[in-house]
**Student:** 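Sharing a structure, written as structure tokens. Questions coming.
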Amino acid sequence: MEIQNKKWDIKKFNEMRQEVLNQWPTGKEVDFEEALRYHQNLPKNQIMTNKLKEAASKNNTLIQPRAGVALLEEHIELLRFLRQKGKADVLPTTIDSYTRQNRYEEAEKGIRESEKAGRSLLNGFPAVNYGVQKCRKVIESLDCPVQVRHGTPDARLLAEISLAGGFTDFEGGGISYNVPYAKKISIEQSIYYWQYVDRLVGIYEENGVSLNREPFGPLTGTLVPPCISHSIGIIEGILAAEQGVRNITLGYGQCGNLIQDVAAVETLKELSAEYLKDYSVMITTAFHQWMGGFPQDEAQAFGVISWGAATAALSKATKVIVKTPHEAFGIPTKEANAEGLRATRQVINMLKDQRMISNKELEKEKEIIKRETRQILSKVYELGEGDWAKGAVRAFAAGVLDVPFAPSQYNAGKILPARDNSGAVRFLNFGSIPFDDEIKEFHRRKLAERAKAENREVSFKMVIDDIYAIGQGMLVGRTD
Ligand SMILES: CC[C@H]1O[C@@H](n2cnc3c(N)ncnc32)[C@H](O)[C@@H]1O
């Protein structure tokens with residue numbers, strides 16, 4: 001199929017809608033007119049765009065966990081606990097892996113087995129299997145907005161059911177929920193599926209219901225250079241806005257060097273405003289605490305969590321996505337999840353009246369990220385002959401967009417990141433990323449400084465050392 005970045009007409013959308021709603025029996029519960037009325041009657045404090053707008057206007061950083069379990073009552077109890085004991089400003093519902101792969105039969109089995117076992121045997125909430133009315137039970141048990149967080153290349157039915165179910169924010173995108181999550185789904189296919197999701201959000205917006213969309217910024221969450229996640233986030237923002245989305249949160253995964261991370265959030269705000277200026281959208285930012293390997297020791301994990309909280313506060317991100325001291329092990333207990341939130345809250349509160357000292361290093365880093373991102377995006381636009389959807393597909397084929405350590409067979413996987421002597425993420429291999437020579441020289445010089453300081457050659461070994469460094473208590477993967 002040949003996709004294009006053009007707003008779908010309602011006829012095309014409605015033709016596909018019947019097929020989507022028939023994918024699982026709960027699709028029959030979706031009645032769009034009734035869903036609109038449901039949203040119009042939602043309490044104001046449960047509408048995500050209100051909460052984001054207020055935070056952005058006050059330069060506040062909202063705190064949000066990830067959380068999702070198999071059983072409905074347990075999931076409600078978990079979210080209420082994180083709100084009350086974790087002081088979460090906004091809540092998630094993390095969806096299970098079967099649902100993310102549209103394997104609803106197995107999700108159904110997972111629910112039954114969890115009921116028998118009396119505990120969650122799924123790694124998230126199977127929203128499609130529960131359907132609209134049970135999603136509303138979750139929403140009606142809470143007093144704040146709730147966002148669907150997942151990793152679904154084909155999220156059409158999940159969007160229909162969860163949005164009709166009262167969720168007011170939907171994470172993901174046609175690139176960010178394909179390339180880091182799937183192996184064999186083409187970029188065209190996932191962008192096409194996500195145009196449906198964004199068109200659905202656009203129809204809600206056209207009927208006066210504001211919903212937020214959040215492309216998944218961190219991607220593979222492992223040493224992803226800011227320009228890579230910015231380029232993909234901005235493209236997904238443009239594709240969403242074209243379908244009528246009016247509220248977009250762009251995300252960024254912490255790398256660990258303070259100056260680079262603050263520069264990343266500040267440039268994400270500037271660049272997204274520039275590239276989305278033709279659309280009237282509200283743009284906010286989400287800072288993800290370190291998404292790579294975590295230390296097993298809980299005290300050290302709190303160090304990583306607090307460093308992420310500090311960077312989020314100093315970058316004035318609208319939202320920080322919080323990790324837990326169980327990160328190295330897997331799904332956290334509700335107590336550990338709440339502890340991660342409280343540690344984050346403490347640091348946000350201590351830093352909210354402070355600001356990042358502006359200096360020439362920060363300005364240099366911002367200039368680098370803006371130049372890199374612009375060089376990538378102008379090549380994408382050129383490859384697409386002015387069409388961002390076509391451009392994205394062709395850019396991945398050409399390696400102009402390339403995500404480090406991504407499983408997708410449509411991803412070139414030629415770039416290699418490594419930290420420089422201050423821990424900032426640089427390019428060791430550029431693959432086919434279209435940087436000019438000056439930018440390439442900058443990265444080579446930065447890595448050479450580290451090589452000299454460590455008395456070793458710039459090499460792939462640095463990449464491996466950096467991947468394990470934070471889990472082993474460091475930032476830069478120094479050889480002993
Ligand atoms: C994107 C990966 C992140 O999502 C987290 N995660 C995935 N599923 C859940 C879950 N069900 N509850 C809490 N955290 C979760 C995981 O620990 C990791 O930090």
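Since the structure is predicted, the reported quantities are computational estimates derived from the model, not experimental observations. Both counts, for ligands and for their atoms, begin at 1 and track the order of listing.
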**Student:** Using a 4.0 angstrom limit on heavy atoms, which residues are close to ligand 1?
**Tutor:**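 Contacting ligand 1 under 4.0 Å are Arg66, Ala67, Gly68, Thr94, Asn123, Met291, Lys323, Glu327, Ile331, Pro332.
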**Student:** Hey, is NZ on Lys137 packed in by over 12 heavy atoms from elsewhere, all under 6.0 Å?
**Tutor:**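 Atom NZ in Lys137 is not crowded, with 12 or fewer foreign heavy atoms closer than 6.0 Å.
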**Student:** Strictly by modelled atom types, are Asp154 and Gln189 linked by a side-chain donor-acceptor pair under 3.5 Å?
**Tutor:** no
**Student:** Sequence neighbours left out, what passes side-chain contact (heavy atoms from CB on, under 4.5 Å) with Ser432? Give chain and number order.
**Tutor:**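 Counting only residues at least two positions away or on another chain, Ser432 forms no side-chain contact (heavy atoms from CB on, under 4.5 Å).
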**Student:** Going by the side-chain hydrogen bond (donor to acceptor under 3.5 Å, both in side chains) test, which pairs reach into residues 106-119, not counting sequence neighbours?
**Tutor:**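 Non-adjacent pairs meeting side-chain hydrogen bond (donor to acceptor under 3.5 Å, both in side chains): Arg103-Glu106, Glu108-Arg112, Glu108-Asn129, Arg112-Glu115.
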**Student:** Show every donor-acceptor pair shorter than 3.5 Å between a side-chain atom in residues 293-304 and any protein atom, with sequence neighbours excluded, or say none if there are none.
**Tutor:**
{"residue": "Asp297", "atom": "OD1", "partner": "Ala299", "partner atom": "N", "Å": "3.0"}
{"residue": "Asp297", "atom": "OD1", "partner": "Gln300", "partner atom": "N", "Å": "2.8"}
{"residue": "Glu298", "atom": "OE2", "partner": "His326", "partner atom": "NE2", "Å": "3.3"}

**Student:** Any chance you could lay out the ring pair (Phe, Tyr, Trp, His ring centres under 6.0 Å) test for His39 and Tyr204, step after step, and finish with the verdict?
**Tutor:** CA-CA 9 Å; His39 273 273; Tyr204 272 101; 5.4 Å; yes
